[in-house]
Protein chains: 2
Amino acid sequence: MGKERVTVIDIAHAAGVSKSTVSLVLQASPLVNEVTRAKVNAVIRELGYVYNRGAANLRQSNSKSKIIGIVVNDLTNSFFAELAVGVDMVVQSAGYVQFLANTAESVDRQREVIASMREHGISGLILSPARGTEAADLKSLVASGIPVVNVVRQVAGAKVSSLVSDNHAGVSAAVRHLAGLGHHRIAFLGGFPDTAVFSERLQGYRDALSDMDLAVHDELVVSSAPSRAGGVAAIERALLLRERPTAAVCFNDAVAFGVCDGLRAHRLDPGEDFAVIGFDDVIEAQTAVPALTTVSVDPQGMGRRAAQLLLKQINAGRAEAEAIVSSVRLVVRQSCGSASDKRERLSLL
Amino acid sequence: MGKERVTVIDIAHAAGVSKSTVSLVLQASPLVNEVTRAKVNAVIRELGYVYNRGAANLRQSNSKSKIIGIVVNDLTNSFFAELAVGVDMVVQSAGYVQFLANTAESVDRQREVIASMREHGISGLILSPARGTEAADLKSLVASGIPVVNVVRQVAGAKVSSLVSDNHAGVSAAVRHLAGLGHHRIAFLGGFPDTAVFSERLQGYRDALSDMDLAVHDELVVSSAPSRAGGVAAIERALLLRERPTAAVCFNDAVAFGVCDGLRAHRLDPGEDFAVIGFDDVIEAQTAVPALTTVSVDPQGMGRRAAQLLLKQINAGRAEAEAIVSSVRLVVRQSCGSASDKRERLSLL
DNA sequence: GAAGATAATTGGAACGTTCCAATTATGTCA
DNA sequence: TGACATAATTGGAACGTTCCAATTATCTTC
């Protein structure tokens with residue numbers, strides 16, 4: 001049953017009008033009379049018609065496909081999952097649907113999925129580029145006029161819009177906060193050193209230390225995978241130092257959680273015995289114990305803004321690339337053990 | 001630049017063959033001569049041709065659109081993020097691309113996104129239905145012959161395949177394990193009571209208690225949102241009981257983590273002072289401190305299997321619905337404080 | 001070298017929609 | 001009522017592909 005599909009012609013026939021009129025109704029054109037519109041709509045419902053966007057898209061320009069692509073480098077990281085949710089929200093309510101693909105940091109896979117998305121005629125692309133992505137990888141895509149918004153990571157030399165958080169300012173604020181609490185040996189933990197994001201955050205760390213007249217010890221920056229497991233590994237190594245750090249700002253929240261885990265494995269109480277600050281502010285940051293002090297970038301909000309930027313460019317037809325750096329704020333919670341937080345915690349018990 | 005697209009006709013012209021031949025080449029047909037194939041492929045690369053699946057799909061049956069839809073009820077839960085990654089893996093390597101949408105438990109939104117996906121001609125759908133989804137919601141979809149695989153949750157009366165984990169056996173095993181460790185007052189924490197998954201798990205809890213000759217106290221089952229925050233709330237309430245539980249099996253890992261957080265807020269050490277067992281085995285379960293004892297369902301593997309099942313049905317044309325319940329195993333780690341684990345932990349220090 | 005088989009190629013119709021130009025119906029005004 | 005404007009509707013071409021039936025080129029075999 002239900003083998004052959006219902007087309008606009010079937011509707012036209014059943015409603016006693018022409019296919020052109022039905023098409024007009026589908027597009028909510030003001031040219032069609034109210035009563036015919038009602039009749040056509042009734043028939044549409046009655047016959048269970050489903051619009052064929054593929055056919056429509058064939059006739060129209062590609063930018064009306066109502067598909068946007070989003071490719072992220074690591075969906076198992078909740079930062080990106082939330083980013084995707086944010087994108088999905090605005091994209092859905094604009095009547096679009098999103099192709100989501102995960103590259104797991106593989107540029108090969110990234111190339112494949114972008115090619116596949118192009119074949120399907122995406123109207124635009126939101127991309128968190130895999131490590132090692134080069135401007136050349138995006139060249140033909142932008143040449144074809146498809147708007148692209150890079151998020152989280154930039155690609156040097158690519159003529160596309162980008163939306164990144166203010167990494168330098170965020171880490172700076174975190175370091176200054178720790179220094180203000182009296183910490184002298186502050187570590188920078190986690191992250192792959194060959195990424196722009198890492199460089200920016202590290203620079204923020206170094207600059208803030210200088211600002212606060214603290215020495216910069218290279219042994220205190222230990223890189224690792226930007227994951228929970230990476231955080232465990234990083235703190236393990238940091239605790240091996242002859243002169244241990246007393247605080248750390250972490251590459252991201254996942255690393256920070258791993259650091260807390262690693263501390264506990266050493267019978268150290270994060271927040272009490274060791275201060276840790278994250279970066280991202282994923283949802284668990286609030287509910288974790290201790291609640292994580294972190295640089296809030298609001299991943300969902302970032303997804304929403306990226307989607308809005310992309311939709312703007314799609315609607316504008318040909319839009320120039322703009323680079324937005326999204327401001328960021330330090331959210332002080334329990335994991336850095338500030339005096340005020342200690343009071344707060346005691347009053348809770 | 002790059003405004004008008006390159007079509008199969010342009011290729012044909014440039015290669016000195018007919019569009020039919022180019023089409024044959026695109027489909028890797030054995031009918032075409034090696035040397036012409038090579039020439040055509042060269043021209044394709046040279047002109048930067050991109051295949052238009054929309055057009056192809058117009059001519060072919062819907063099942064060749066190479067798009068599958070996946071809609072989940074809560075992507076911010078890492079269980080579903082990992083499920084999506086699993087689906088993506090097999091789907092990508094089969095040359096498909098996935099529409100991913102998040103419903104946030106809204107059946108309205110779910111209806112919208114499914115409708116939108118149909119308009120785009122998905123070949124199949126993997127659905128983790130939002131709470132309150134009814135068989136009627138899927139009726140027209142299955143009537144149109146599009147294969148659907150429900151994951152995680154079933155929809156009563158819907159004629160679609162499903163892949164769920166063995167909830168009863170999983171919770172049973174968890175309860176028996178706790179009882180074996182000497183616990184008498186075992187709570188069941190978290191989850192919305194109006195779902196089939198909840199009922200199944202609760203039944204597993206009750207049956208196992210009976211098996212072990214333990215009394216079933218209704219006050220020991222406290223429902224809540226199946227999230228980290230819900231876990232905090234649930235354990236708060238459980239600790240208010242005149243006679244406190246000493247152990248809990250939780251609706252899922254998110255709840256279990258929340259329960260650990262809540263315990264710590266009360267200066268109770270999860271694993272030492274109170275045993276907790278989760279359900280799902282998300283990646284953090286291994287690296288968390290204490291590592292979470294949990295019923296492992298391997299979300300990525302589940303995603304992969306769901307995708308394989310769906311692809312099988314797509315290729316088979318018309319396939320009958322099959323209900324698979326995926327077996328499940330208890331992974332004992334630190335959070336339930338078994339004797340052997342205590343030894344293990346001590347040896348670590 | 002004629003006949004038949006096989007290999008390779010091809011033009012044209014079809015898929016379901018949109019858009020344009022053209023047509024018909026309806027209203028307004030002197 | 002005729003002339004004109006406006007409102008509503010319409011047929012046909014086009015989008016880029018696939019598929020069928022038909023054609024042409026190349027082999028075999030006697």
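- When the side-chain nitrogen and oxygen atoms of Thr36(B) are compared with OP1 and OP2 of dT9(C), one or more of them lie within a distance under 4.0 Å.
- With dT10(C), dT17(D), dT10(D) as the candidates, the nucleotide lying closest to the side chain of Thr21(A) is dT10(D).
- For the pair Glu34(A) CD and dT9(D) P, the computed distance is 10 Å after rounding to whole Å.
- Distances from the side chain of Lys19(B) to the nucleotides dG16(C), dG11(C), dT10(D) place dG11(C) closest.
- An OP1 or OP2 oxygen of dA14(D) is reached within less than 4.0 angstrom by no side-chain nitrogen or oxygen of Gln60(A).
- Using a distance-only test at 3.5 Å, with no hydrogens or angles considered, a donor-acceptor pair links the side chain of Thr103(A) to the main chain of Val72(A).
- By the 4.0 Å N-to-carboxylate-O rule, Arg153(B) lies close enough to Glu105(B) to be salt-bridged with it.
- The separation between Arg37(B) atom CZ and dT9(C) atom C1' is 13 Å, rounded to whole Å.
- Put simply, Gln27(A) has a side-chain N or O that comes within less than 4.0 Å of OP1 or OP2 on dC19(C).
- Taking only side-chain atoms of Leu58(B), from C-beta outward, the nucleotide of dT10(D), dG16(D), dT17(C) with the closest atom is dG16(D).
- In this structure, Ser18(A) reaches the dT10(D) phosphate: one of its side-chain N or O atoms is under 4.0 Å from OP1 or OP2.
- Between the C1' atom of dG16(D) and the CZ atom of Arg53(A) lies a distance of 19 Å, rounded to the nearest Å.
- Side-chain N/O atoms of Ser23(A) include one lying less than 4.0 angstrom from OP1 or OP2 on dT18(C).
- Atom OH in Tyr51(A) sits about 14 Å away from atom P in dG16(C), given to the nearest Å.
- Under a 4.0 Å N-O distance rule, the pair Asp137(A)/Arg111(A) does not qualify as a salt bridge.
- Taking every side-chain heavy atom of Leu24(B) into account, dT9(C) is the closest of dT9(C), dC15(C), dT17(C).
- Candidate nucleotides dT10(D), dT10(C), dT17(C) were compared by shortest atom distance to the side chain of Ser20(A), and dT10(D) ranks first.
- Residue side chain Arg59(A) does not reach the base of dT17(C) through any donor-acceptor N/O pair under 3.5 Å, judged by distance alone.
- What separates CG of Asn33(A) from P of dT6(D) is a distance of 18 Å, to the nearest Å.
- Taking atom CG of Leu31(B) as the reference point, atom C1' of dT6(C) lies 11 Å away to the nearest angstrom.
- Taking atom CG on Asn52(A) and atom P on dA14(C), their separation rounds to 18 Å, with Å as the unit.
- Considering only the side chain of Ala55(A), dG16(C) comes nearest among dT18(D), dG16(C), dT9(C).
- Nucleotide dT10(C) holds its P atom 13 Å from the CD1 atom of Ile9(B), rounded to whole Å.
- Ion pairing between a basic and an acidic side chain is recognised when a charged N comes within 4.0 Å of a carboxylate O; Lys312(A) and Glu322(A) show such pairing.
- Counting only heavy atoms from C-beta outward, the side chains of Val40(B) and Val17(B) approach each other to under 4.5 Å.
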